[in-house]
Chemist: 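There's a structure below that I have some questions on.
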Amino acid sequence: MSESLVLSSDTESVRSLTLNRPASLNSFNAALHEQLLQALDEAAEEPGVRCVVLTGAGRAFSAGQDLADPGVAPASSPGAKPPDLGQLIDRFYKPLVLRLRSMPVPTVAAVNGVAAGAGANLALNCDVVIAAQSASFIQAFGKIGLIPDTGGTWLLPRLVGRARALGLAMLGDKLPAPDAERIGLIWRCVPDGELPAQTLLLAQKLAAMPVKALVSTRRCIDEAQLIDLDQALESETQTQRELGEGHDYSEGVNAFKERRTPQFTDR
Ligand code: T3D
């Protein structure tokens, strides 16, 4: 039987998903897309999972679209039928981004090496991005005549502002992880050898927190980029009302008063 393209392992309530096509730098073909989407669906449905970590096997996080996939081969001669890249995005990349951004638990990208094209934007769609010091981010799309997809045009200016978004996307230069941290593209970078342990610490910390509130925080912050202040205040009111009725709010306040560690369970 062929080896799974997405390796899954649990440490307590943290589920780690590892992209596993190291020979082609974990680039995405249809099978990897299908397996990753299924793995994310399973994690979302499993009540015991309270944080999901995405990482890559081998020396890369992901080099984005598998450019050797016959399905994306450019027209071989004038007049030959070109590939429908829009269909590819509709079928695979769009559902992947929407799945990630609607996960009912926090998501962490542990960027272990180069993250290029859709691979970079896959990582940047996670709630918290931690990277090894030797990792890098490349908006490689422009070099092959494309625009940043996988949510890149939406994400990049929100993360680093228009000037840096355009610089990264138009030039397609390799951005080392320490610079990615400096300009606010990612949360932080850590020495290479510390990435697994630091990732687990971070993920376990998130998993022990009131994850329903954290996921609501993601939603409200994303929404607030699109609405005016009145609407954002209203969204905060509604969300806080709902969270105030939950178990985690009582547990958090009671634990504070009783000077004990809270046990959060809402999802
Ligand atoms: O196009 C569409 O279908 C629409 C969707 C677009 C989404 C996208 O993601 S577009 C962007 C696609 N990705 C890229 O353009 C990145 C291409 N790769 C690179 O630029 C470089 O490989 C890296 C900068 C990522 C790493 O460079 P380096 O020197 O460390 O490694 P390498 O030697 O280039 O690659 C190692 C192997 O991985 C090599 O195979 P080999 O020779 O050992 O058999 C290389 O061909 C393979 N590889 C790397 N990236 C891809 C890939 N194979 C298929 N697809 C790749 N994207």
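In each ligand, atom 1 is the first atom listed, and ligand 1 is the first ligand listed. Count residues from 1 along the sequence.
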Chemist: As an exercise, identify every atom of ligand 1 less than 4.0 angstrom from a heavy atom of G117.
Modeler: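 The list of qualifying atoms is 9 (O), 11 (C).
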Chemist: Does ligand 1 have a heavy atom under 4.0 Å from the side chain of A23, from its backbone, from both, or from neither?
Modeler: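 Backbone only.
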Chemist: Would you please determine whether K174 falls within less than 4.0 Å of ligand 1 on a heavy-atom basis?
Modeler: no
Chemist: Do we see a donor-acceptor contact under 3.5 Å between the side chains of Q238 and E234?
Modeler: yes
Chemist: At under 4.0 Å between heavy atoms, which part of T150 makes contact with ligand 1: side chain, backbone, both or neither?
Modeler: neither
Chemist: Can you find a non-hydrogen atom of G71 under 4.0 Å from ligand 1?
Modeler: no
Chemist: Are the side chain of N112 and the backbone of T55 linked by a donor-acceptor contact shorter than 3.5 Å?
Modeler: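 Checked: no pair found.
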Chemist: Around atom CD of Q240, are there more than 12 heavy atoms from other residues, nucleotides or ligands closer than 6.0 Å?
Modeler: no
Chemist: Under 3.5 Å, is there a donor-acceptor pair between the side chain of D266 and the main chain of H247?
Modeler: yes
Chemist: Among all protein heavy atoms in this structure, tell me which lies nearest to atom 51 (C) of ligand 1, with the distance rounded to 0.1 Å.
Modeler: A63 CB, 4.0 Å
Chemist: Would you say the side-chain atoms of S235 pair up with the backbone N or O of Q231, donor to acceptor, closer than 3.5 Å?
Modeler: no
Chemist: Would you kindly specify which portion of D66 sits under 4.0 Å from ligand 1, judged on non-hydrogen atoms: side chain, backbone, both or neither?
Modeler: both
Chemist: Which residue supplies the protein heavy atom nearest to atom 55 (N) of ligand 1, what is that atom called, and how far is it?
Modeler: L67 N, 2.9 Å
Chemist: For atom 28 (P) of ligand 1, tell me which residue out of K143, R59, Q65, Q139 has the closest non-hydrogen atom.
Modeler: R59
Chemist: Can you tell me how the ring of Y93 sits relative to the ring of H33, calling it parallel under 30°, perpendicular over 60° and tilted otherwise?
Modeler: perpendicular
Chemist: Pick one of side chain, backbone, both or neither for how D69 approaches ligand 1, counting any non-hydrogen atom pair under 4.0 Å.
Modeler: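 No part of D69 comes within reach of ligand 1.
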Chemist: How close does the nearest protein non-hydrogen atom get to atom 22 (O) of ligand 1, and which residue and atom is it?
Modeler: L25 CD1, 3.9 Å
Chemist: If you count the atoms of ligand 1 from 1 in the order shown, which ones are under 4.0 Å from a heavy atom of D149?
Modeler: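 Close to D149: 5 (C), 6 (C), 7 (C).
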Chemist: So, are R101 and D222 salt-bridged, with charged N and O less than 4.0 Å apart?
Modeler: yes
Chemist: Which residue owns the protein heavy atom closest to atom 24 (C) of ligand 1, what's the atom, and how far is it?
Modeler: I138 CD1, 3.6 Å
